[in-house]
Amino acid sequence: MPHVPQVRRPALTGAALAVAGALLLTGCGGDGQAAASDPVKDIRAKLPKAQRSAGVLRIGMDVNYAPVEFRGQDGKPAGLDPEIATALGKILDVRIEFVDTSFDKLIPSLQGKQFDVAMSAISDVRQRREGLDENGKQVNPGVDFVDYFIAGASIVVPKGNPKGIKTLDDLCGKTISLQQGTTQDEIATRQVAVCARTGRQLTVHKFDTDAKALAEVASGAAAAGVNDFPVAAYAAKTTDGGGRFEVTGAQSTSNPYGIAVRKQDTDLRDALAKAVDQLIRSGDYDKILGKWNVSAGAAQNAVVNGGI
């Protein structure tokens, strides 16, 4: 796998400190001694009645983005997000049910109440929080995010990097492929305008899955693909035994992955934030990231709407 750059964990915000502090509150026992409260029990008590009564948290996920989420050999969701989600379910004492949904339909389906939350390598960006289209016009109510992982975008090229691509500007005059509706789609849209000013057109081919986009790079129909770093690194390591792709250049500006929650579901949002904090404190979070070789993206604490 390519060298994994060190990603600085975000500093604790005042809000995050308040959350952490709340979980460490103590009460006085009958003997006057401070008795520590059970943080897991406290978190479960804050889960909204709808999820507690049903005993299930339904999560929308595009199960086609290895190693973040994909189908394992048994056909069930596997990867970073499913494992984090399952661990959060144990903390909240609910069963996790995954609803496989194409990425560009995740937020509309969430707002249509087809599931409780969406968790699928969704970058927490202002456009999604405020429900804006690419022209800045509000087209939906937006969502809140509970941020749990930091990921930048990377460029994937054929092994040996025959065209010498290292930066986004090196893509000008070339064809790239990517998954539509992603943060990389937004990055490419901005880069098209940059390239146009140089007189070297950037052509962007968009697909409904990342696998199809990478297939274009493999075939030579596209000079490069743009992916989230964990996905780019995984593809470079595993495709054809590591002989098909490589990751080039540095990651772009890092944005957090967030669990998307409807704006009105503030109690569910806050319960999830506390559960993410508990997962991090328990050490299980670091174990999951280590298993998928993405420890460089570890967050120090949950943050609500912390993206740029």
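From a predicted model like this one, the values you see are computed outputs, not experimental measurements. Below, each value reflects all heavy atoms present in this structure, side chains not excepted, and no hydrogens, waters or symmetry copies.
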ask   = So, Gln138 side chain and Asn140 main chain: donor-acceptor pair closer than 3.5 Å or not?
value = yes
remark   = Distance col, row Leu88:CG vs Gln278:CD, nearest 0.5 angstrom, shows 10.5 Å
note = Here the salt bridge (Lys or Arg N to Asp or Glu O under 4.0 Å) pairs for residues 290-303, sequence neighbours left out, are Glu83-Lys291
inquiry  = Using a strict threshold of under 4.0 Å (side-chain N to carboxylate O), is an ion pair present between Arg71 and Asp100?
reply    = yes
key: Any pair counted as disulfide (SG to SG under 2.5 Å), so long as it reaches residues 153-211, sequence neighbours left out   = Cys172-Cys195
query = Is the backbone of Thr167 close enough, under 3.5 Å, to the side chain of Asp170 for a donor and an acceptor to pair up by distance?
reply = yes
request  = First locate atom CG of Asp210, then atom OG of Ser177, and finally report the distance between them rounded to the nearest 0.5 Å.
outcome  = 8.0 Å
key: Ser154 side chain near Asn227 side chain, heavy-atom distance below 4.5 Å   = no
task = Looking only at non-hydrogen atoms, find the nearest pair between Pro82 and Ala78 and report the distance.
result = CG-O, 3.4 Å
message = Treating Asn135 as the side-chain partner and Lys137 as the backbone partner, does any N or O pair qualify as donor plus acceptor under 3.5 Å?
response = no
Passing option when Gln51 is tested against Asp116, Asp267, Asp93 for side-chain hydrogen bond (donor to acceptor under 3.5 Å, both in side chains) = Asp116
Same cluster (ILVMFWY, side-chain, under 4.5 Å), Tyr234 and Leu214 = no
task = If a pair satisfies salt bridge (Lys or Arg N to Asp or Glu O under 4.0 Å) and one of its residues is in residues 44-69, list it, with sequence neighbours excluded.
result = Arg58-Glu97
Minimum heavy-atom distance Lys159-Gly243, with the two atoms named = CB-O, 3.5 Å
Side chains of Ile288 and Leu80 in contact at under 4.5 Å (non-hydrogen atoms) = yes
request  = Would you give the length of the straight line joining atom CD of Glu246 to atom CG of Asn161, rounded to the nearest 0.5 angstrom?
outcome  = 5.0 Å
ask   = Hey, are the side chains of Val146 and Asp144 touching, using non-hydrogen atoms and a 4.5 Å cut-off?
value = no
request  = Check whether any side-chain N or O of Tyr285 sits under 3.5 Å from a backbone N or O of Ala298 as a donor-acceptor pair, and report yes or no.
outcome  = no
ask   = Between the side chain of Arg128 and the main-chain N/O of Val143, is any donor-acceptor distance below 3.5 Å?
value = no
request  = Determine whether Phe145 and Phe115 fall in the same hydrophobic cluster, where Ile, Leu, Val, Met, Phe, Trp and Tyr are linked whenever their side-chain heavy atoms lie under 4.5 Å apart.
outcome  = yes
ask   = Closest heavy-atom contact between Ala302 and Ile280?
value = N-CD1, 4.2 Å
task = Sequence neighbours left out, what passes salt bridge (Lys or Arg N to Asp or Glu O under 4.0 Å) with Asp265? Give chain and number order.
result = Arg262
query = Out of curiosity, Phe149 CZ to Asp228 CG, how far, rounded to the nearest 0.5 Å?
reply = 9.0 Å
inquiry  = I'd like to know if Leu110 and Leu57 are part of one continuous hydrophobic network [Ile/Leu/Val/Met/Phe/Trp/Tyr, side-chain heavy atoms within less than 4.5 Å].
reply    = no
key: Euclidean distance, Thr198 OG1 relative to Gln201 CD, rounded to 0.5 Å   = 10.5 Å
Nearest atoms (heavy-atom pairs only) where Ala66 meets Val231 = O-CG1, 3.3 Å
request  = Working to the nearest 0.5 Å, report the span between CG of Leu47 and CD1 of Ile91.
outcome  = 12.0 Å
request  = Kindly state each residue pair satisfying ring-ring contact (aromatic ring centres under 6.0 Å, His included) with at least one member in residues 172-226, sequence neighbours excluded.
outcome  = none
request  = Each residue besides Leu202 in its hydrophobic cluster should be listed here, by chain and number; the cluster joins Ile, Leu, Val, Met, Phe, Trp and Tyr at side-chain heavy-atom distances under 4.5 Å.
outcome  = Ile155, Val157, Ile165, Leu168, Leu171, Ile176, Leu178, Ile187, Val192, Val204, Val226
key: Criterion side chain to side chain contact (heavy atoms under 4.5 Å, CB included) on Asp42 and Lys274, from CA distance to verdict   = CA-CA 9 Å; Asp42 292 345; Lys274 291 179 182 295; over 6 Å; no
message = Quiz question: by atom type and distance under 3.5 Å, do the side chains of Asp81 and Tyr148 form a donor-acceptor pair?
response = yes
query = Does Val194 reach the side chain of Arg197, with side-chain heavy atoms less than 4.5 Å apart?
reply = yes
task = Could you tell me which non-hydrogen atom of Ser109 sits nearest to which non-hydrogen atom of Thr101, and how far apart they are?
result = OG-CG2, 4.0 Å
key: For Ala50, side chain to side chain contact (heavy atoms under 4.5 Å, CB included) partners two or more places apart   = none
ask   = Which pairs pass disulfide (SG to SG under 2.5 Å) with one or both residues in residues 57-142, sequence neighbours excluded?
value = none
inquiry  = Main chain of Gly307, side chain of Arg129: is a donor-acceptor contact present, judged purely on distance under 3.5 Å?
reply    = yes
task = Please say whether more than 12 non-hydrogen atoms of neighbouring residues, nucleotides or ligands are located less than 6.0 Å from NZ in Lys263.
result = yes
Pairs where residues 68-108 contributes a residue and the test ring-ring contact (aromatic ring centres under 6.0 Å, His included) is met, not counting sequence neighbours = Phe70-Trp292
query = How does the hydrophobic cluster around Val125 look, that is, which other residues are in it when side-chain heavy atoms under 4.5 Å mark a link?
reply = none
message = According to salt bridge (Lys or Arg N to Asp or Glu O under 4.0 Å), who are the partners of Asp104, at least two apart in sequence or on a separate chain?
response = none
Hydrophobic cluster identity match, Ile107 and Val63, side-chain contacts under 4.5 Å = no
inquiry  = For Lys166, give me all partners under salt bridge (Lys or Arg N to Asp or Glu O under 4.0 Å), at least two apart in sequence or on another chain.
reply    = none
key: Co-membership, hydrophobic cluster, residues Leu106 and Tyr65, 4.5 Å side-chain   = no
ask   = Which heavy atom in Ile122 sits nearest to a heavy atom in Ala260, and how many Å separate them?
value = CD1-CB, 4.4 Å
